[in-house]
Amino acid sequence: MGLLYGLCHDALTAGWPHNLPMNRSFALLTAAALLSGCQSFAPSAPDGTPPVEDPAVIAPKAQPQVYRSFSEETLFALLSAELAGQRNRFDIALGNYVQQANATQDAGVAERGFRIAEYLGAEQAALETSLLWAKNAPENIDAQRAAAVQLARAGRYDESMRFMESVLQRQGDTHFDFLALSAAETDPDTRAGLLQSFERLLQKYPDNGQLRFGKALLLQQDNRPQEALKLLQQQPAKERPVAAILLQARLLQSLERNEDALPLLEKGIKQYPDDKRLRLTYARLLVAVDRLDDAKGEFASLLQQFPNDDDLRFSLALVCLEAEAWKEAIVYLEELVERGSHAEAAHYNLARAYEELDDLPSALSEYALVGPGNDYLPAQARLSDLLFKQQRGEEAAEGLRRARETQPDYAIQLYLIESEAWAKQQDNQRAWQVIEQALEQFPDDLNLLYTRAMLAEKRDDLDRLEQDLRFILEREPDNAMALNALGYTLADRTTRYAEARELIEQAYQLNPSDPAILDSLGWVNYRQGNLDEAERLLRKAMKDFPDHEVAAHLGEVLWAQDKQKEARKVWRAALKQQPDSAILRSTLLRLTGAETL
């Protein structure tokens with residue numbers, strides 16, 4: 001008896017993950033069947049007579065419980081499945097349960113198989129067993145709901161809706177929201193069909209809030225926010241669940257009606273004062289409408305309520321930075337560092353705050369502490385920039401060299417940071433040496449080649465520029481940046497205008513809204529004598545991107561059209577914004593004889 005009882009007990013109580021529940025009725029059924037077999041091994045008396053029951057321990061006889069009969073083959077398969085689960089062989093366990101669910105058509109076996117499949121993420125098995133469970137337990141709301149959800153996951157929305165309606169008829173909680181959300185990535189025809197099903201059910205159950213919410217989700221996905229909003233607003237405010245309030249707020253924001261979303265969320269918070277999602281959405285909306293002090297207070301209140309939520313702590317720190325409350329931001333950021341949460345972002349933003357407080361030693365220290373991740377390269381760039389501004393270029397270069405050794409995955413970007421830093425210092429020779437060193441290590445990297453091409457233009461090495469840019473275009477014929485750079489250089493530095501125009505027009509076809517390309521197209525028209533078209537293009541570029549180089553070009557075109565007064569006005573405004581612009585001053589000197597106006 002000991003061995004078989006041990007197997008029964010182990011199979012039914014051990015080995016499975018704690019979050020995988022066993023169906024109670026099936027567990028009892030299996031235990032009863034197995035333990036009834038165990039009893040046949042009870043020891044006999046020494047003389048071979050059957051054991052005598054002690055009346056003192058005989059319990060009152062209960063009414064017999066009826067269990068479904070299983071064949072020995074089924075019992076063996078199910079016991080094997082449980083033992084397999086105990087030994088982490090979930091594939092065997094699931095396979096046995098799916099097989100026996102089909103063979104026995106038993107609701108308990110099907111449910112157990114479904115729970116295992118759901119735990120393992122086995123979608124096909126979960127669908128198959130949920131349908132068997134629903135079929136053999138037609139009155140079980142959980143079974144009908146499980147089948148509906150699995151059908152929705154499989155994209156079988158019409159069938160899913162039928163099961164959902166079955167749940168609805170039994171007044172159970174449905175998952176119409178999940179059904180609608182799962183349709184987000186489907187084709188428009190499928191969503192349209194599902195929307196019709198929702199409309200049909202809403203006509204039958206007009207007061208069902210879950211149906212209304214699901215339909216509103218579908219309308220939002222179909223880019224019909226006004227209709228979705230109207231549908232949600234039909235529900236009395238007191239009856240709206242949190243999810244409906246949040247969806248309504250998102251719809252209002254998408255329609256740029258933040259002034260209506262704020263009071264909606266405020267009322268929702270009064271109705272559900274402890275709901276974190278509502279309060280967090282409200283706090284973020286306060287940031288969006290630039291009510292930073294109010295947002296700061298709301299985030300602080302949330303953090304007080306949820307002191308272990310470091311996402312809230314980080315959000316509060318960012319709001320403080322946005323509100324220029326530097327010292328307050330530092331407090332929260334230092335807490336994050338101490339807690340080991342959002343550490344890299346915390347160091348980076350601490351450095352930003354210290355910069356604003358003119359505490360450069362602390363800023364440099366914090367930037368240096370930023371490790372690999374999204375903030376690593378911005379931190380290295382800012383650290384380098386600060387050191388160069390303090391005339392500590394060699395120290396910055398050494399730091400970047402060490403960074404390339406310790407973080408080789410970032411080596412290319414670190415080379416580019418150093419080269420750009422030297423170029424900003426007008427040390428083009430040192431910038432060139434850094435890029436050459438980088439290309440020895442990464443000879444085919446297109447970013448490095450593009451940077452060398454731009455440096456070559458400053459060295460008047462147009463052959464090298466063209467060679468590098470054409471190499472890039474061989475690899476990436478639709479690289480609009482390289483097309484524009486080569487086209488502009490040919491228009492500006494050579495007389496190959498037709499070739500330049502062809503390259504720039506290719507770039508324009510790829511990216512017609514890029515002001516830099518518009519500037520180039522305007523400039524090549526000017527070089528070809530098309531002054532009116534050049535003016536039109538350059539005015540558009542200037543409107544979209546009021547840059548000093550575009551201003552230099554537009555002013556020159558206006559000057560060539562005898563519009564000197566307007567040209568001076570354009571240059572004067574640009575010089576006010578960028579007084580050290582080399583291209584502006586050289587243009588002025590060439591056309592007016594003086595570098596200033």
Side-chain angles (χ1 to χ4, degrees), residues 258 262 265 269 276-393 395-400 402-403 406-407 410 413-414 417-418 420-421 424:
N258 289 339
L262 282 169
L265 290 168
I269 291 169
K276 186 178 181 181
R277 293 169 299 166
L278 277 173
R279 294 184 59 197
L280 189 56
T281 303
Y282 179 63
R284 288 170 175 164
L285 186 55
L286 288 170
V287 175
V289 299
D290 207 30
R291 287 173 51 183
L292 297 179
D293 288 340
D294 292 336
K296 195 168 59 160
E298 190 63 31
F299 274 113
S301 176
L302 274 166
L303 186 59
Q304 189 174 9
Q305 186 176 355
F306 304 99
N308 293 320
D309 189 331
D310 286 330
D311 290 338
L312 281 174
R313 185 171 276 103
F314 185 55
S315 295
L316 178 54
L318 293 180
V319 172
C320 290
L321 289 172
E322 191 72 18
E324 300 184 2
W326 313 118
K327 292 182 179 180
E328 195 173 347
I330 287 171
V331 170
Y332 296 118
L333 292 167
E334 286 181 342
E335 285 179 3
L336 287 168
V337 171
E338 291 173 6
R339 295 167 64 87
S341 180
H342 298 280
E344 311 308 331
H347 283 303
Y348 179 74
N349 286 288
L350 273 169
R352 287 178 54 206
Y354 282 125
E355 266 199 81
E356 295 293 342
L357 293 171
D358 291 326
D359 185 351
L360 293 186
S362 294
L364 290 170
S365 175
E366 291 296 335
Y367 280 130
L369 289 171
V370 178
N374 292 335
D375 296 303
Y376 179 70
L377 290 172
Q380 290 293 323
R382 194 69 195 127
L383 176 61
S384 171
D385 193 44
L386 287 175
L387 288 172
F388 269 96
K389 284 181 178 178
Q390 293 182 330
Q391 307 301 315
R392 296 161 65 184
E395 183 181 341
E398 176 60 21
L400 289 167
R402 288 196 305 270
T406 57
Q407 302 294 337
Y410 294 97
Q413 295 93 328
L414 292 166
I417 287 172
E418 183 180 354
E420 183 179 354
K424 282 182 179 178

message: Could you check whether Lys424 makes a cation-pi contact with Phe388, meaning its NZ or CZ is under 6.0 Å from the centre of the six-membered ring and within 45° of the ring axis?
response: no
message: Against Lys296, only a single residue in Leu316, Val287, Leu286 fulfils side-chain contact (heavy atoms from CB on, under 4.5 Å); can you say which?
response: Leu316
- prompt: Which heavy-atom pair separates Arg339 from Pro307 by the least distance, and what is that distance?
  reply: NH2-O, 4.0 Å
- prompt: Is any side-chain heavy atom of Phe314 less than 4.5 Å from a side-chain heavy atom of Glu335?
  reply: no
task: Quick one: pull up CG in Leu387 and NZ in Lys389 and give me the separation to the nearest 0.5 Å.
output: 11.5 Å
query: When you look at Glu356 and Arg352, which way does the salt bridge (charged side-chain N to carboxylate O under 4.0 Å, His left out) test go after all the steps?
result: CA-CA 6 Å; Glu356 295 293 342; Arg352 287 178 54 206; over 6 Å; no
message: Any donor-acceptor pair under 3.5 Å linking the side-chain atoms of Ser341 with those of Arg313?
response: no
task: Output the distance between atom CD (Glu334) and atom NE2 (His347), rounded to the nearest 0.5 Å.
output: 10.0 Å
message: To check you understand the geometry: which heavy-atom pair defines the closest contact between Leu414 and Gln407, and what is its length?
response: CD1-O, 4.4 Å
message: Let me confirm one number: the CZ-OG1 distance from Arg279 to Thr281, rounded to the nearest 0.5 Å.
response: 11.5 Å
field: Check: Asp311 main-chain N/O paired with Ser315 side-chain donor or acceptor under 3.5 Å
entry: yes
message: To check you understand the geometry: which heavy-atom pair defines the closest contact between Tyr332 and Ala317, and what is its length?
response: CB-CB, 3.9 Å
query: CG/Asp385 to CD1/Ile417 distance, rounded to the nearest 0.5 angstrom?
result: 10.5 Å
- request: Give the C-alpha distance, both sets of side-chain angles, the deciding distance and a yes or no for side chain to side chain contact (heavy atoms under 4.5 Å, CB included) between Val319 and Glu298.
  value: CA-CA 11 Å; Val319 172; Glu298 190 63 31; over 6 Å; no
- prompt: Do the non-hydrogen side-chain atoms of Leu364 and Arg392 ever get within less than 4.5 Å of each other?
  reply: yes
- request: Quick one: closest heavy-atom pair of Ala329 and Leu321, and the distance?
  value: CB-CD2, 3.7 Å
- prompt: Looking at CG of Asn349 and OH of Tyr354, how far apart are the two atoms once the value is rounded to the nearest 0.5 Å?
  reply: 12.5 Å
- request: Provide the closest heavy-atom pair for Leu285 versus Asn258 in the form atom of the first, atom of the second, distance.
  value: CD1-OD1, 3.5 Å
message: Quick check: do Leu357 and Ile330 have side-chain heavy atoms less than 4.5 Å from each other?
response: yes
- request: Measure from the side-chain N and O atoms of Ser301 to the backbone N and O of Gly297, and report whether any donor-acceptor pair falls under 3.5 Å.
  value: no
field: side chain to side chain contact (heavy atoms under 4.5 Å, CB included) evaluation trace for Glu366 with Leu333
entry: CA-CA 11 Å; Glu366 291 296 335; Leu333 292 167; over 6 Å; no
- prompt: Angle class for the Tyr376/Tyr410 ring planes (parallel below 30°, perpendicular above 60°, tilted otherwise)?
  reply: tilted
query: Does some side-chain heavy atom of Glu355 sit less than 4.5 Å from a side-chain heavy atom of Arg382?
result: yes
statement: Heavy-atom closest pair (Pro372 atom, Glu344 atom, distance to 0.1 Å) is O-CG, 4.1 Å
- prompt: How many angstroms lie between atom CG of Leu377 and atom OH of Tyr348, to the nearest 0.5 angstrom?
  reply: 10.5 Å
query: Do Leu280 and Leu312 have side-chain heavy atoms sitting under 4.5 Å apart?
result: yes
